[in-house]
Amino acid sequence: MLIRARHVVPIDGRPITNGALRIERGRITEVGTAKRAEGTPVVDFGDAVVLPGFVNAHTHLELTHLLDRVPPTPDFVDWIDRLQATRAPAKEAGSVCIESARKGMRLSVAAGVTTVGDITSRPAEVRPALAHGPLRVVSFGEVIATGTIRDQLAGRLQAAIDASDATKYLTVGVSPHAAYTVEHDGIRACVDEAARAEMRLCMHLAESLEELRYLRDGDGPMRAFLDRLGVWDTVIQCPRLAPVPFAHTCGVLNNRTVLAHCNYVSDEDIGLLASTRTQVAYCPRTHAAFEHPPHRFRDMLDASINVCIGTDSLASNPSLSVLDEVRFLHSRYPDFNTHTLLEMITLRGARALGVDHLTGSLTPGKSADITVIPLDNDGPTDPLRNILESVLHPLTTVTRGRRVTS
Ligand SMILES: [Zn+2]
């Protein structure tokens, strides 16, 4: 099959005007300018831009049902309190998560996303629902074990790394949830298992001021939250460190790790992330909804950190579209390099999730994971600015050479 369009943006090379892409047996075999291709079925998208399928490097598909249920406010702990209050009764929770994950997969594909880094608190139930495509999923099993639920560590970790539901679509990773919900030794255990099994690791880090205070002083609204849950106990040791150096003492900082958020980082923290080749998933609209100070993603990129983009869940964000995330960034930072923005939702995300040998750019040999965005006739002539300044949705999404939306 040959795909043609006004523009092809391979991401690992320069945009091609009147471009074409040859697909054979689910893989890209050729990328270049359109020419006559005798005997090959041709799909011509006309005034459109063909890009690699997008990568949402940090999301929680199982929370898709929470759209508009828990509006974010600057008070982060109040938000997680309200999030807790929405939890379904135990006997329904599994089916709610499964339905949500399925819906999240459909919404992702419709948004041009072909790969996700997905966090699940219920791996045994959610993974089978995501294991047969069409999305490529790196499924991070979430581990929460601190204070009075410290003894859940082994069971949660075992469930997180259980790869029995892995398929050609789904690989398994591990996620110690955050520095306030897993203690030093628990995080270290997750890191050791990830290294042993050569899995990716994802952790929420430096997300809120309340987290910083809890790690530094052991008190404040986060401690009160853990108390309200009946989880805090006197055995918990306060690290008296900022989040990034604390994560470093747990062995988290390395090139298999994706840190979600990193909203509060110092110059020294950025240096540490860069020297350890740790990767960062920035969630722009979630970050903005909580009114954090400006994110330092540009400083991180300047320091050669691999920064990619996540939507986080629909509990804090209006859509699962990473294209919407970079459109938002482009409107806030119109002078920021547009190619880098698109790299952050394609190749950089694939690299963070350890799947850049398979997807993330239109490169011969990679899987034919593609999204097609229509050109806005009233928009700029530059194709990248055109799609970043429009509100048009993807025309179609292709995974492994198969059209999975219209
Ligand atoms: Zn998250």
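One-based numbering, in listed order, for ligands and for the atoms of each.
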In Asp312, the N, O or S atom nearest to the Zn ion (ligand 1) is which?
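Result: OD1.
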Take the angle between the ring planes of His204 and His177 and call it parallel below 30°, perpendicular above 60°, tilted in between.
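Tilted.
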Mutual orientation of the aromatic rings belonging to Tyr282 and His287 [parallel < 30°, tilted 30-60°, perpendicular > 60°]:
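Geometry flag for His287 against Tyr282: perpendicular rings.
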At less than 2.8 Å, would any N/O/S atom of His261, backbone or side chain, sit next to the Zn ion (ligand 1)?
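No - counting backbone and side chain alike, His261 has no N, O or S atom under 2.8 Å.
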Taking Asp44 first and then Arg6, would you say they form a salt bridge - that is, a charged N and a carboxylate O separated by under 4.0 Å?
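Looking at Asp44 and Arg6, the cut-off is not met.
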Take the Zn ion (ligand 1) as the vertex and measure to NE2 of His60 and NE2 of His58; round to 10°.
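NE2 of His60, the Zn ion (ligand 1) and NE2 of His58 span an angle of about 110°.
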Scan Ile23, Leu51, Thr396, Val8 and name whichever one has a side chain to side chain contact (heavy atoms under 4.5 Å, CB included) with Ile370.
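Single pass found, and it is Ile23.
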